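Read through the structure below, which is laid out as structure tokens, and then see the notes.
Remember, it's a predicted structure, so these values are computed and weren't measured experimentally.
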Amino acid sequence: MRGGGLVISSLADSLVRGVESVGDRVSETFFEPVVRLGVTGLARSGKTVFITSLVANLLDRGRMPGLVAQQEGRINAAYLQPQPDDTVPRFDYESHLSALTGPQPHWPDSTRAVSELRLSFKVRPAGLLAGLQGPRTVHLDIVDYPGEWLLDLALLDKSYDDWSRETLERIAQRPAAADFLAQIKAVDPADPHDEPTAQALARGFADYLTAARDAGFYDCTPGRFLLPGDLAGSPVLTFAPLPIDGASRRRSLHREMERRFEAYKAQVVKPFFRDHFARIDRQVVLVDALGAIHKGPQAVEDMRRAMGDILSAFRPGRNAWLSQMLLGKRVERILFAATKADHLHHLQHPRLTAIMEALTREARDRAKFAGAETAAMSIAALRVTTEEIRTHDGVELPCVRGTLENGKQAAFFPGELPEDPAHLLNPARKGADTWLGEEYGFMTFAPAHMSLRPGDGPPHIRLDRAAQFLIGDRL
């Protein structure tokens, strides 16, 4: 009887959530529309800086001429409100902005969990309705989440054995995996489960993932091994891939690892998809393409595959109002943005954009086929450099100048990106170890001291165009 009660309770709860969801969608559609913008990217792509600068420039829009509603003077006001999801941490916008614009500017802490912020606009309608209707309210809910968690969605379609086999094949030749591979050779998956052994294997695998990420690889799943949060040390994060040869016995190490892998999918990945990801209807994926190019062909190829995996997690398509109310949201627009464009002279920005378009071509084609709009561009959410031309050995070099982490000023020429992206992508696909005859440098600059005029947000590159693509049609 108790089991029947649980089933009825679960059904009732699902029904209530469904009714509330439909009610919310009706309200959003006909009264105060809500745009849920997901912001993600892999390590060091600049998610926190992007959101902070985007919000600051939407509140003070003096540097946003590419946002059509601002250009036409139709945005009467923009203001921050409490986010609608009471159980989701608020994105700490004020602290991050203070870090970037304070008397001692520094980069804020990176994304380590899901957070959210609501920015609301009072907007006058355009066109024929301009004289017939008053201003309306449009809410922008910005959802920040680690890209490593997004890659975990691909695990939902895999068994533990398949995941183990694919992972071990992929990392077999990577130096960073040598210690972990030696660990698993010393254990027999068919042996009885022993918790200290399981914990040692999980730590070894987590150490490999951290080293792989630092080396420029992007296929670092499960993502919570890198960002465990309050799950650190729990059984759901105490597993690792093991070589499989036939079925395993009950209570064996392999069987317990398999059980924990399935628990990870059920208790970590699925709730993230249900509670956050499945509700997004616009998405920006930030990519540190320059950092990958600096690390070499293998990092570029790994990044290209990761972009495909990321897009496979989306449900791209158009949000017709009836299907939105009854069947749930689908991602309408996806922007792939190469960050840190200010580390290049503007003469090279078209080449960086072309490389970004080539890297994401397959992913964008799949999204377009499903009905979603996609775009690729190069941006800098916060511009921290100035441009100059320097002469070296009789050759004029387009450089950028900025402040280093030690406070010193430096001018930098990173190398000339190829005009044809295939000159990068072909060696990457073939598994080359280095770029043939070329070197691409990379330098880390600190935020510059800035003095903002009233009405101006922080300086940026193409953040206004990114905002127009992502939300311009809803303002």
Side-chain angles (χ1 to χ4, degrees), residues 41-42 45-46 66 216 218 284-308 311 334-368 374-381 383-402 410-445 460-466 469:
L42 300 176
S45 60
Y218 297 90
V284 56
V285 179
L286 304 177
V287 182
D288 182 11
L290 290 177
I293 292 170
H294 169 63
K295 290 174 180 175
Q298 294 182 15
V300 169
E301 174 60 13
D302 193 61
M303 183 176 66
R304 185 191 67 80
R305 289 197 300 262
M307 291 301 101
L311 194 72
I334 305 172
L335 173 65
F336 291 93
T339 58
K340 305 175 185 177
D342 58 331
H343 287 46
L344 293 174
H345 193 281
H346 76 273
L347 295 175
Q348 293 212 60
H349 289 181
R351 297 188 178 189
L352 178 60
T353 300
I355 291 170
M356 194 64 200
E357 289 175 341
L359 280 169
T360 60
R361 172 64 188 272
E362 295 177 11
R364 290 187 297 110
D365 283 350
R366 288 198 298 270
K368 186 176 181 180
T374 67
M377 64 177 65
S378 52
I379 68 169
R383 183 167 194 161
V384 299
T385 65
T386 56
E387 297 182 348
E388 59 183 54
I389 300 293
R390 290 203 163 199
T391 302
H392 179 71
D393 292 337
V395 178
E396 291 189 339
L397 300 178
C399 300
V400 293
R401 171 178 288 277
F412 177 61
F413 174 66
E416 188 172 356
L417 294 176
E419 188 172 357
D420 183 358
H423 291 167
L424 288 180
L425 269 61
N426 287 345
R429 286 178 183 268
K430 294 177 181 178
D433 293 326
T434 59
W435 302 118
L436 184 61
E438 297 287 348
E439 291 186 5
Y440 302 104
F442 189 76
M443 186 172 287
T444 301
F445 293 104
H460 62 82
I461 297 176
R462 299 183 195 91
L463 193 62
D464 52 341
R465 288 175 52 187
F469 174 79

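Using a 4.5 Å heavy-atom cutoff, the side chains of I355 and I293 are in contact. Put simply, the side chain of H346 reaches to within 4.5 Å of the side chain of E387, judged on heavy atoms. Between T374 and T360 there is no side-chain heavy-atom pair separated by less than 4.5 Å. Contact check for C399 versus F412: no side-chain heavy atoms found under the 4.5 Å cut-off.
Across V285, L359, L286, a single residue satisfies side-chain contact (heavy atoms from CB on, under 4.5 Å) together with F336, and that is V285.
Residues satisfying the side-chain contact (heavy atoms from CB on, under 4.5 Å) criterion with D342, sequence neighbours excluded, are K340, A380, R383, V384, T385, I461. In terms of the side-chain hydrogen bond (donor to acceptor under 3.5 Å, both in side chains) criterion, H294 has no residue partners (sequence neighbours excluded).
Between R351 and E416 there is a salt bridge, since at least one side-chain N of the basic residue sits less than 4.0 Å from a carboxylate O of the acidic one. Taking 4.0 Å as the cut-off between side-chain N and carboxylate O, E357 and R361 do not count as a salt-bridged pair.
With E388 contributing its side chain and A411 its backbone, the two residues share no donor-acceptor pair below 3.5 Å. Of the possible polar contacts, one joining the H349 side chain to the A341 backbone as a donor-acceptor pair under 3.5 Å is found.
In the model, T339 has no side-chain atom that pairs as donor or acceptor with a side-chain atom of S45 under 3.5 Å.
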